[in-house]
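Contents: one structure, followed by commentary.
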Protein chains: 4
Amino acid sequence: MVGRPRSEESRRAILQAALRLCERDGYPNVTLKAIAAEAGTGRQTLYRWWNTKADVLLEAMTAVVAPGLPPSPPDLGSFLRETFALTDGVAGRVIVGLMAEAQSDPDLGERLRTRLIGPRRAALREVLERDSPSSHANLDLVVDMIFGAMWYRLLNRHASVDAVLAEEITELVRSLT
Amino acid sequence: MVGRPRSEESRRAILQAALRLCERDGYPNVTLKAIAAEAGTGRQTLYRWWNTKADVLLEAMTAVVAPGLPPSPPDLGSFLRETFALTDGVAGRVIVGLMAEAQSDPDLGERLRTRLIGPRRAALREVLERDSPSSHANLDLVVDMIFGAMWYRLLNRHASVDAVLAEEITELVRSLT
Amino acid sequence: MVGRPRSEESRRAILQAALRLCERDGYPNVTLKAIAAEAGTGRQTLYRWWNTKADVLLEAMTAVVAPGLPPSPPDLGSFLRETFALTDGVAGRVIVGLMAEAQSDPDLGERLRTRLIGPRRAALREVLERDSPSSHANLDLVVDMIFGAMWYRLLNRHASVDAVLAEEITELVRSLT
Amino acid sequence: MVGRPRSEESRRAILQAALRLCERDGYPNVTLKAIAAEAGTGRQTLYRWWNTKADVLLEAMTAVVAPGLPPSPPDLGSFLRETFALTDGVAGRVIVGLMAEAQSDPDLGERLRTRLIGPRRAALREVLERDSPSSHANLDLVVDMIFGAMWYRLLNRHASVDAVLAEEITELVRSLT
DNA sequence: TTTTAAGCGAGACGGTACGTCCTGTCTTGCA
DNA sequence: TGCAAGACAGGACGTACCGTCTCGCTTAAAA
């Protein structure tokens with residue numbers, strides 16, 4: 001038997017409620033109970049489709065972040081500017097929260113790499129290959145150092161992740177040529 | 001009047017128990033209750049001297065990590081090799097857990113920067129100034145990119161933080177000259 | 001919407017566990033934690049339906065004591081014999097514990113009077129009115145002195161509350177005629 | 001060797017602090033910790049001389065109540081009036097609290113009977129023997145019923161323990177003659 | 001006069017119950 | 001069969017009090 005189909009309305013309500021609460025309370029202070037309450041949905045409905053808070057927000061992120069990214073990546077400067085712009089606001093807080101949670105949940109780490117981090121690495125690689133052919137030798141290292149600087153600042157908050165950083169990195173990479 | 005002095009024995013037992021449990025269960029799965037039980041101490045004793053799990057482990061880290069670091073930093077290669085070596089084992093797991101927790105606890109973030117991250121940044125800066133004078137222009141950016149690569153790999157686990165990475169970074173920095 | 005209904009099974013398990021522990025350890029040594037554990041129930045389930053240990057045992061008493069009492073009270077002698085018989089065993093210990101606790105909890109005192117003590121007073125009054133019409137003048141005082149003697153002995157334990165006491169009181173009341 | 005003698009000042013401070021807190025917070029809400037703090041004394045000093053809260057207050061009562069009682073008991077009416085007058089205020093609350101606590105502490109019950117309840121029973125007996133010789137037959141029962149009515153009202157609070165009650169009891173006892 | 005042993009206020013110690021919160025599962029009736 | 005509601009067992013949270021244990025300091029009788 002088939003029964004009643006899944007409520008698309010509930011799904012959207014849950015994802016939006018999750019983002020709203022992350023914005024208001026910060027990722028780690030959000031609970032599944034609160035998400036369900038905020039979404040006006042039953043708790044079981046949430047557990048039926050996702051297993052953890054991280055699952056919910058990972059889906060919310062892919063639904064939100066993906067559209068905001070350039071389909072065919074332009075030059076390094078714009079790529080970094082656009083990427084860094086996305087880390088401002090909820091998205092940044094959530095993705096940092098997911099990364100933090102992944103430290104104790106290897107499966108989540110795997111999904112994070114596959115669905116969020118990996119594609120961004122590939123995109124940066126592509127841009128670098130096209131834009132700065134000389135750095136080919138250690139391309140992966142350069143990718144690590146660029147995104148590393150971003151993550152390091154996002155986590156440690158000793159400096160901001162903004163257009164200035166994009167410009168400085170672009171210049172430094174150009175000097176590698 | 002003075003009252004009974006703090007038990008140094010309990011203090012050490014708690015710090016060691018905390019590290020032991022982090023090694024066994026992973027930072028986020030450790031509870032203050034379990035630390036007290038493992039240390040054979042009362043729960044109130046723990047709360048008397050620390051407020052949170054993060055406080056306990058921050059103190060454990062400064063007590064453990066500090067002695068393992070070179071007092072006067074040598075050349076860049078050895079500095080990175082020794083630094084990266086420390087991230088292997090419990091210390092790495094704990095410091096990543098602390099960083100994750102700091103995302104929702106600004107005060108912890110501040111203490112982390114002051115007591116752990118900041119001093120390491122200063123040390124790396126010093127090494128770079130002495131070792132690679134040409135990179136002075138963007139010294140802070142270079143520091144961000146080096147430690148960024150380390151953090152990025154520690155968190156995302158797409159590659160290891162080891163002597164090979166130290167070597168590759170050293171070479172790349174030399175090419176900036 | 002309705003939600004899952006209350007578990008009648010848990011309710012009974014808690015009431016019985018409470019009585020069992022009172023019998024084993026004595027009313028004041030029973031804790032809500034231990035009741036929940038003994039009943040195999042969660043602590044929150046207990047707090048959902050009752051606020052205090054006294055509430056649990058007040059309900060347990062009304063469920064246990066009420067059925068053991070004569071519906072239409074017979075002559076004074078049998079009334080006292082049956083009433084005194086109930087004070088033997090757990091019921092006596094629990095009701096004394098409740099009375100003791102009511103000294104620091106006025107609301108509990110009120111509930112005790114309404115649900116346990118008051119009805120017994122009314123019943124004794126009725127018996128006296130029918131059985132010893134001459135004592136009408138100070139009926140409330142006589143009630144106080146009869147039940148007072150019972151409580152005084154239950155609390156101070158200088159003598160037992162048994163059929164002998166019932167007989168002696170009956171004779172003395174008859175002599176008031 | 002002898003060492004420093006006990007501080008009589010601390011002893012008095014503790015007893016007074018205990019009574020003060022009983023008046024303010026009610027016997028069961030008073031803790032030994034709070035008594036020590038209120039008395040400005042160390043906690044160990046308290047434990048050195050008494051074992052429990054009940055011990056402290058039992059001593060406070062005998063020191064306070066005893067002087068307030070008639071050395072050679074007069075007629076029944078005045079005896080009851082004076083006795084009932086003592087139950088008003090802290091003394092009543094404390095003695096009820098002690099009686100409540102004695103339910104779970106047989107040793108305390110024994111001390112209570114020996115030092116407080118027993119002497120009062122003996123005094124009432126003596127008064128009755130002199131004042132109402134006819135009730136000799138069941139003297140103990142009459143004592144139980146008189147003090148019982150008092151205790152019953154003190155505990156259940158359905159009526160006050162005052163001069164009116166003293167008068168009513170006196171009349172009723174006279175009618176037994 | 002000096003010892004010396006006990007009492008003193010202060011307050012940390014290991015332990016345990018408190019009442020609250022969230023987790024993941026379950027059981028209702030309605031759609 | 002999905003869904004909102006909400007009760008269920010379980011377990012960590014941070015707080016309070018318990019009775020015990022050191023501290024450094026009095027205090028007064030014994031040496």
Side-chain angles (χ1 to χ4, degrees), chain A residues 1-11 13 29-37 39-49 51-53, chain B residues 1-11 13 29-37 39-49 51-53, chain C residues 1-11 13 29-37 39-49 51-53, chain D residues 1-11 13 29-37 39-49 51-53:
Chain A
M1 308 298 162
V2 281
R4 178 174 173 175
R6 171 171 188 183
S7 157
E8 189 57 28
E9 192 183 349
S10 290
R11 181 180 160 276
N29 301 318
V30 171
T31 68
L32 285 175
K33 194 180 185 181
I35 293 176
T41 193
R43 218 125 69 80
Q44 193 62 34
T45 300
L46 214 158
Y47 280 106
R48 209 186 320 275
W49 305 110
N51 288 318
T52 64
K53 172 171 67 165
Chain B
M1 298 290 170
V2 280
R4 178 174 175 175
R6 168 166 193 184
S7 159
E8 190 58 29
E9 192 182 350
S10 290
R11 180 182 159 275
N29 301 317
V30 171
T31 69
L32 287 175
K33 194 180 186 181
I35 294 176
T41 194
R43 216 126 69 79
Q44 192 76 102
T45 298
L46 213 158
Y47 282 106
R48 211 187 320 273
W49 304 109
N51 289 318
T52 63
K53 174 172 64 164
Chain C
M1 298 293 167
V2 280
R4 177 174 175 173
R6 169 168 192 183
S7 159
E8 190 57 29
E9 192 182 350
S10 289
R11 181 181 159 275
N29 301 318
V30 171
T31 69
L32 286 174
K33 194 179 186 181
I35 294 176
T41 195
R43 215 126 69 83
Q44 191 73 80
T45 298
L46 214 158
Y47 281 105
R48 210 188 320 274
W49 304 108
N51 289 319
T52 63
K53 173 171 64 163
Chain D
M1 306 302 161
V2 282
R4 178 175 175 174
R6 170 172 189 182
S7 158
E8 189 57 28
E9 190 183 350
S10 290
R11 182 182 159 275
N29 301 318
V30 171
T31 68
L32 286 174
K33 194 180 187 184
I35 294 176
T41 192
R43 217 126 70 79
Q44 191 66 289
T45 300
L46 214 158
Y47 281 105
R48 208 186 322 272
W49 305 109
N51 288 319
T52 64
K53 172 172 65 164

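So you know, we letter chains A, B, ... as the sequences are listed, proteins then strands, and number each from 1. When reading the values below, keep in mind they use all heavy atoms of this one structure, side chains included, and skip hydrogens, waters and symmetry mates.
- One can place CD of Glu9(D) at 16 Å from C1' of dA28(F), the figure rounded to the nearest angstrom.
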At a cut-off of 3.5 Å, list every protein nitrogen or oxygen paired with a nitrogen or oxygen from nucleotides 21-24 of chain E, distance to 0.1 Å.
{"from": "dC21(E)", "atom 1": "N4", "to": "Gln44(C)", "atom 2": "OE1", "distance (Å)": "2.9"}
{"from": "dT23(E)", "atom 1": "OP1", "to": "Leu32(A)", "atom 2": "N", "distance (Å)": "3.2"}
{"from": "dT23(E)", "atom 1": "OP2", "to": "Lys33(A)", "atom 2": "N", "distance (Å)": "3.3"}
{"from": "dG24(E)", "atom 1": "OP2", "to": "Tyr47(A)", "atom 2": "OH", "distance (Å)": "3.1"}
{"from": "dG24(E)", "atom 1": "N7", "to": "Arg43(A)", "atom 2": "NH1", "distance (Å)": "3.3"}
{"from": "dG24(E)", "atom 1": "O6", "to": "Arg43(A)", "atom 2": "NH2", "distance (Å)": "2.9"}

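- Glu8(B) places its CD atom 10 Å from the P atom of dC13(E), with the value rounded to the nearest Å.
- Between dG9(E) and Ser10(D), a contact under 4.0 Å exists linking OP1 or OP2 to a side-chain N or O.
- With rounding to whole Å, Arg48(C) atom CZ is found 12 Å from dG10(F) atom C1'.
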Would you list the protein and nucleotides 23-27 of chain F atom pairs, both N or O, that sit under 3.5 Å from each other?
{"from": "dT26(F)", "atom 1": "O2", "to": "Arg4(D)", "atom 2": "NH1", "distance (Å)": "3.0"}

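- Because its NZ or CZ atom is not both nearer than 6.0 Å to the ring centre of Trp49(C) and within 45° of the ring axis, Arg11(C) does not count as a cation-pi partner of that residue.
- Across the protein-nucleic acid pair, Asn29(D) atom CG and dC18(E) atom P stand 15 Å apart, rounded to whole Å.
- Proximity note for Thr41(B) (side chain, C-beta onward) versus dG14(E), dC3(F), dG9(E): the nearest is dG14(E).
- The two residues Leu32(C) and Thr52(C) come nearest to each other via the heavy atoms CD2-C, 4.2 Å.
- In this structure the side chain of Arg43(D) never reaches within 4.5 angstrom of the side chain of Leu46(D), judged on heavy atoms.
- Taking every heavy atom of both residues into account, Ala13(B) and Ala39(B) meet most closely at O-CB, 3.6 Å.
- Shown here is Glu9(B), whose CD atom has no more than 12 heavy atoms of other residues, nucleotides or ligands within 6.0 Å.
- Applying the 4.0 Å criterion to OP1 and OP2 of dG14(E), one finds that Thr45(B) has a side-chain N or O inside that range.
- Side-chain nitrogen and oxygen atoms of Trp49(D) include none within less than 4.0 Å of the OP1 or OP2 phosphate oxygen of dA6(E).
- Note that CZ of Arg48(C) is 5.0 Å distant from OG1 of Thr45(C), once rounded to the nearest 0.5 Å.
- In this structure, Leu46(A) atom CG and dG6(F) atom C1' are separated by 15 Å, rounded to whole Å.
- Nearest heavy-atom pair, Ala36(A) versus Gly42(A), reported as atom, atom and distance to 0.1 Å: CB-O, 4.1 Å.
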